[in-house]
Amino acid sequence: MTTQAPTLAVTGSTGALGGLVARGLAAQGVEQRLLVRSAGRAPDLAGAHVVEFPGYGDRAAAVAALAGVRTLLMVSGAESAERLEQHRTFVDAAAEAGVGHVVYTSFQGAAPDCTFTLGRDHHATEAHLRASGLTTTFLRDSFYLDFLPDMAGEDGVIRGPAGDGRVAAVARADVARSAVEVLLDPAAHAGATYDLTGPEALTMTEVAETITNATGRTVTFHDETLEEAYASRRRWEAPQWQYDAWVSTYVAMARGEVAAVSGDVARLTGREPTSLAGLLAERAAG
Ligand SMILES: NC(=O)c1ccc[n+]([C@@H]2O[C@H](COP(=O)([O-])OP(=O)(O)OC[C@H]3O[C@@H](n4cnc5c(N)ncnc54)[C@H](OP(=O)(O)O)[C@@H]3O)[C@@H](O)[C@H]2O)c1
């Protein structure tokens, strides 16, 4: 790694969110270092220097890949039993490499005891970042709006123990636009925590109605009991933490833990975030 390589680094650019952020930065003429696990899948962008590394769990390789980086966007890694340990390793590598500021994609309401089990990993990662002495900015995303239409099964039924609970889901594109604004002027966001949500909080019944109205496909919501929720997911072979994550997504809604609507996307980007109806209309328009 030469010292001429960009001092802004972005992870996750082979994926959806990091890819949108990298494209957004490139569109603004920003030079960036893309840390990827597979260089062949990195986006081809002006001003982007691709650096391959094995992933968050390889400390020595991460230290080398981050040499000279001042600001880092760390996109949370793929869910696994090892994710939290990998995150801690990568944070330690960032501190060792002399990175000054880490912008981390966390989760709304991240807490040691939050109902959405993966939100606990995000809390622990935030805590590790704070303890590392790095300057931090936390982007606490809600559930992705982009996923809501995929929650319905082949029979058009969304199943889960969400009750009448609401979710203020946010479009990935709005998370990416917010991240770009932060990365364009990181010092202005030092120490900040932003809740990135959509413009409204919908019940699963309202989500089903919105999808039905927008697509013509009849989608309904079935409020499962906890037992039904685990039983209906057992048809997919998965480790226990994965079942817990799937089911607790809905229980977090039922308990009102993901219902708060924040104005942070609009404050950061200067435009209102996309609604579910808006996202579906954009999709229909191609
Ligand atoms: N808020 C929500 O509703 C929600 C939903 C799903 C996921 N998430 C979280 O948000 C993150 C970004 O979402 P997304 O939709 O962009 O996911 P995505 O399309 O799966 O992209 C994830 C990116 O992170 C990289 N990555 C994963 N694990 C890594 C590791 N251990 N070390 C280094 N890089 C790693 C992937 O690299 P490869 O291409 O090499 O795999 C990919 O570039 C996800 O990784 C997940 O933590 C949030």
Side-chain angles (χ1 to χ4, degrees), residues 9-24 32-43 45 48 50-63 65-66 72-94 102-110 114 116-126 138-151 160 167-179 194-198 207 241-242 245-246 248-250 252-253 257-258 262 265 273 276 279:
V10 170
T11 68
S13 65
T14 52
L17 177 63
L20 287 170
V21 174
R23 286 179 182 81
Q32 57 188 318
R33 196 182 304 186
L34 301 179
L35 265 60
V36 296
R37 295 196 284 192
S38 166
R41 291 188 295 109
L45 300 170
V50 176
V51 177
E52 203 174 52
F53 80 130
Y56 294 151
D58 187 327
R59 177 165 172 160
V63 171
L66 289 166
L72 165 68
L73 173 68
M74 175 180 172
V75 173
S76 59
E79 290 84 359
S80 74
E82 294 77 40
R83 177 170 75 161
L84 178 53
E85 207 39 54
Q86 292 171 355
H87 279 182
R88 287 182 173 136
T89 301
F90 191 58
V91 169
D92 292 344
V102 176
V103 179
Y104 172 67
T105 61
S106 183
F107 188 75
Q108 184 183 20
C114 61
F116 179 49
T117 51
L118 298 177
R120 302 171 195 170
D121 281 6
H122 287 294
H123 163 79
T125 304
E126 286 190 6
F138 298 129
L139 305 178
R140 290 184 167 182
D141 318 339
S142 177
F143 290 115
Y144 292 149
L145 199 61
D146 313 63
F147 280 159
L148 296 186
D150 302 329
M151 282 177 151
V167 59
V170 64
R172 274 200 198 94
D174 287 318
V175 176
R177 277 192 278 272
S178 302
Y194 298 110
D195 285 335
L196 303 184
T197 75
V207 167
W241 68 262
Q242 182 71 78
W246 285 333
S248 66
T249 297
Y250 293 87
M253 295 178 198
E257 293 182 22
V258 288
S262 157
V265 168
L276 179 58
L279 180 107

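Each residue takes its place number in the sequence, starting with 1. Remember, it's 1-based here, ligands and their atoms both numbered in the order they're listed.
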Atom 32 (N) of ligand 1: the protein heavy-atom neighbour that sits closest, reported with distance to 0.1 Å
Tyr56 N, 3.0 Å
Can you name the ring pair (Phe, Tyr, Trp, His ring centres under 6.0 Å) partners of Tyr194, sequence neighbours left out?
His189
For atom 26 (N) of ligand 1, is the nearest protein heavy atom under 4.0 Å away?
yes
Spacing of Thr125 atom OG1 and Arg120 atom CZ [to the nearest 0.5 Å]:
14.0 Å
List the steps and the verdict of side-chain contact (heavy atoms from CB on, under 4.5 Å) for Val103 and Leu72.
CA-CA 6 Å; Val103 179; Leu72 165 68; over 6 Å; no
Look at atom 7 (C) of ligand 1 and say which protein heavy atom is nearest, naming residue and atom and giving the distance to 0.1 Å.
Glu79 OE2, 3.4 Å
My understanding is that we take every heavy atom of each candidate and find the minimum distance to atom 12 (C) of ligand 1. Doing that for Leu148, Val75, Thr105, which one comes out nearest?
Val75
Could you find the nearest protein heavy atom to atom 21 (O) of ligand 1 and give me its residue, atom name and distance?
Gly15 CA, 3.3 Å
Less than 4.0 Å between atom 17 (O) of ligand 1 and some protein heavy atom, yes or no?
no
Tell me which protein heavy atom sits closest to atom 9 (C) of ligand 1, plus the residue, atom name and distance to 0.1 Å.
Ser76 OG, 3.5 Å
Using heavy-atom distances only, which candidate in Ala169, Gly12, Ser38, Ala16 approaches atom 19 (O) of ligand 1 most closely?
Ala16
Counting heavy atoms only, which of Thr14, Val170, Leu145 is nearest atom 37 (O) of ligand 1?
Thr14
Looking only at non-hydrogen atoms, find the nearest pair between Thr197 and Ser262 and report the distance.
OG1-N, 2.9 Å
Does the plane of the ring in Phe143 sit parallel, tilted or perpendicular to the ring in Phe116? Use 30° and 60° as the thresholds.
perpendicular
Out of Tyr144, Phe90, Phe53, who is nearest to atom 48 (C) of ligand 1 when you count heavy atoms only?
Tyr144
For Asp92 versus Arg59, what's the shortest heavy-atom pair and its separation?
CB-NH1, 3.3 Å
Around atom 41 (O) of ligand 1, find the nearest protein heavy atom and jot down its residue, atom name and distance.
Arg37 NH2, 2.9 Å
Who pairs with His122 by ring pair (Phe, Tyr, Trp, His ring centres under 6.0 Å), at least two apart in sequence or on another chain?
Tyr104
Shortest non-hydrogen pair, Ala245 vs Thr117, comes out as CA-OG1, 3.3 Å
Residue-level breakdown please: for Ser142 versus ligand 1, do any non-hydrogen atoms fall below 4.0 Å on the side chain, on the backbone, on both, or on neither?
backbone
Considering only the protein, which heavy-atom contact is closest to atom 6 (C) of ligand 1, and what is its distance?
Phe147 CE1, 3.5 Å
